[in-house]
Protein chains: 2
Amino acid sequence: MEKMTDKIIPDVIVGRLPRYLRTLQHMQAEGIQTTSSQELGERLGISAAQIRKDLSQFGEFGKQGTGYAIPFLVNQLRTILKVDRLWDMALVGAGDLGHAIARYQGFIDCGFRIVMIFDNDPVKIGTQLGELVIQDSAEMGSLLKSAGIHVAMMTVPAAAAQSVAEQLVAAGVRAILNYAPMSINVPHDVRVQYIDPVIHLQRMTYYLE
Amino acid sequence: MEKMTDKIIPDVIVGRLPRYLRTLQHMQAEGIQTTSSQELGERLGISAAQIRKDLSQFGEFGKQGTGYAIPFLVNQLRTILKVDRLWDMALVGAGDLGHAIARYQGFIDCGFRIVMIFDNDPVKIGTQLGELVIQDSAEMGSLLKSAGIHVAMMTVPAAAAQSVAEQLVAAGVRAILNYAPMSINVPHDVRVQYIDPVIHLQRMTYYLE
DNA sequence: TAGATTGTTAATCGATTAACAATC
DNA sequence: TAGATTGTTAATCGATTAACAATC
């Protein structure tokens with residue numbers, strides 16, 4: 001539980017931290033040892049002042065005159081975002097998109113791994129997907145509970161999204177990444193993030209022509 | 001070109017409009033004829049005042065006492081977002097994710113369709129993907145230009161993202177949906193949206209435990 | 001009519017930026 | 001040292017909310 005003494009950080013700042021981390025890790029991979037708020041800001045399209053202000057919410061990570069040591073800052077951000085550990089995830093929905101996500105290699109180095117895949121299609125249940133076997137959604141609740149899983153991704157049809165979300169929450173899931181093109185309602189202590197390409201595309205066409 | 005007399009709408013408002021549209025279309029599919037800012041807000045987790053304020057930027061779409069006629073409001077939003085037409089899109093990168101996106105049936109009713117798919121892998125070039133044949137990235141520039149394509153989705157490795165983005169921009173693309181886990185730099189008049197599941201997941205784990 | 005709900009105003013709230021002393 | 005860059009403050013800017021007259 002969050003301590004009463006912890007400062008509450010605005011969600012808009014939390015939302016930028018993963019982007020800082022990702023960019024710093026790219027720089028690290030390029031062999032860069034040190035950076036400044038200026039340089040990081042240019043890569044991200046964010047002002048240097050905002051980056052310094054955001055980071056200063058969590059501590060003093062930089063040095064005047066020289067900037068930030070990248071390996072140190074990466075570790076700090078990993079700790080802050082709680083991805084200095086490996087989160088077990090469930091994937092619900094083994095359609096085309098579910099298959100692509102199950103095969104994606106980008107989770108493991110960022111703090112996540114898929115340990116269970118569910119579908120309600122009898123044809124799919126029992127078949128192999130990557131290193132896992134697709135399991136029956138009917139058993140999802142008990143399996144998630146006994147495995148203590150708190151993070152899930154949903155790649156199910158829009159019509160099933162609310163019902164699946166409710167099952168996930170009932171099984172103890174506290175963070176849901178929803179690929180279904182559908183708003184879902186969950187208790188206030190459950191986090192939801194949405195990925196819907198159409199939403200992003202429509203946001204851009206407004207500005208076209 | 002945008003008329004000088006057009007009011008400039010904050011991007012944060014534009015970003016909510018596709019969500020309004022999506023939810024209204026769901027309600028329409030449920031056979032609901034009319035709604036209120038209150039009801040729509042409950043579905044979306046947004047305050048009624050904010051919905052009214054957002055919509056009022058574009059016109060007077062409601063009636064006191066009765067609310068909003070859904071079919072009318074849907075049409076208005078489709079016009080505002082310019083998805084009262086069909087946008088031809090290119091998809092660059094025919095990996096697992098590219099395949100899943102190419103097969104996705106959710107674009108066509110929302111104003112978009114994929115008309116070209118590119119990859120640089122000789123093994124993939126020339127093979128069928130859905131109703132399209134994967135084409136050589138080397139020919140991308142000229143093909144995009146002659147087809148007059150302005151919207152593209154990128155499902156390429158992070159290392160290729162900046163270079164592919166530059167090719168797209170040079171070919172006249174003005175809106176890019178980037179699935180690569182990488183920030184890209186483009187001219188200010190080109191729109192970019194990002195989809196990276198890790199970013200969304202890390203934003204949620206901050207709040208867990 | 002009476003009840004409901006809009007569009008809009010003004011007030012509040014929160015986020016971003018600019019500037020600079022501190023200091024590496 | 002001199003130059004560079006942080007962390008922080010205060011000012012600015014922008015977004016959200018509350019409230020209500022208008023009116024369907």
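Every value quoted in this text rests on a predicted model; they were computed, and no experiment measured them. Below, each value reflects all heavy atoms present in this structure, side chains not excepted, and no hydrogens, waters or symmetry copies. Chain letters run A, B, ... following the sequence lines, proteins first and then strands; every chain starts at 1.
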Within the side chain of [X], is there an N or O that forms a donor-acceptor pair under 3.5 Å with the backbone of [Y]?
X	Y	value
A:Ser36	A:Gly67	no
A:His99	A:Leu129	no
B:Tyr20	B:Val74	no
B:His200	A:Asn178	no

Legend entry - Under the 3.5 Å Watson-Crick or G-U criterion, the dot-bracket string of DNA chain C, with | for inter-strand pairs: ..||||||||||||||||||||||

Spacing between [X] atom [atom1] and [N] atom [atom2], to the nearest angstrom:
X	N	atom1	atom2	value
A:Ile13	D:dT8	CD1	P	13 Å
B:Gln50	C:dT6	CD	P	15 Å
B:Leu73	C:dT5	CG	C1'	14 Å
A:Ile51	C:dT17	CD1	P	11 Å
B:Phe58	C:dT6	CZ	P	17 Å

Inset, instruction - Residues of residues 32-43 of chain A with any non-hydrogen atom less than 4.0 angstrom from an atom of DNA chain D: list those, numerically ordered, please. - result: A:Ser36, A:Ser37

Inset, instruction - Answer yes or no: is there a side-chain heavy-atom contact under 4.5 Å between A:Arg113 and A:Met89? - result: no

Inset, instruction - Could I get the full list of salt bridge (charged side-chain N to carboxylate O under 4.0 Å, His left out) partners for A:Arg16, not counting sequence neighbours? - result: A:Asp54

Legend entry - B:Asp189: partners by salt bridge (charged side-chain N to carboxylate O under 4.0 Å, His left out), with sequence neighbours left out: B:Arg174

Should [X] and [Y] count as an ion pair when the cut-off is N to O under 4.0 Å?
X	Y	result
A:Arg19	B:Asp196	no
A:Glu139	A:Lys145	no
B:Glu209	A:Arg85	yes

I'd like a table of atom pairs between the protein and nucleotides 19-22 of chain D - only N or O on both sides, under 3.5 Å - with the distance next to each one.
{"from": "D:dA19", "atom 1": "N6", "to": "B:Arg52", "atom 2": "NH2", "distance (Å)": "3.2"}

Legend entry - Side-chain N or O of A:Tyr68 closer than 4.0 Å to phosphate OP1/OP2 of C:dC24: no

Inset, instruction - Please tell me which of B:Gln57 and A:Gly65 maps to the more 5' nucleotide of DNA chain C, matching each residue to the nucleotide holding its nearest heavy atom. - result: B:Gln57

Inset, instruction - Give the B/S/- string for nucleotides 9-14 of chain D, one per nucleotide from 5' to 3', where a protein heavy atom under 4.0 Å of the base yields B, of only the sugar-phosphate yields S, and otherwise -. - result: B-----

Inset, instruction - Compare every heavy atom of A:Gln162 with every heavy atom of A:Ser183, then report the nearest pair and how far apart it is. - result: O-OE1, 4.4 Å

Inset, instruction - May I ask you to check whether over 12 heavy atoms, not counting those of B:Glu30, lie within 6.0 Å of atom CD? - result: yes

Legend entry - Test item: side-chain donor near acceptor, A:Arg43 and A:Thr23, under 3.5 Å: no

Nearest to the side chain of [X], which nucleotide is it out of [options]?
X	options	answer
B:Arg16	C:dC24, D:dT16, C:dT8	D:dT16
A:Lys63	C:dT17, D:dT8, C:dC24	C:dC24
B:Ser47	C:dC24, C:dG7, D:dT17	D:dT17

Inset, instruction - Flag this pair as yes if the NZ/CZ of B:Arg191 is under 6.0 angstrom from the six-membered ring centre of A:Tyr207 and inside a 45 degree cone about the axis; otherwise no. - result: yes

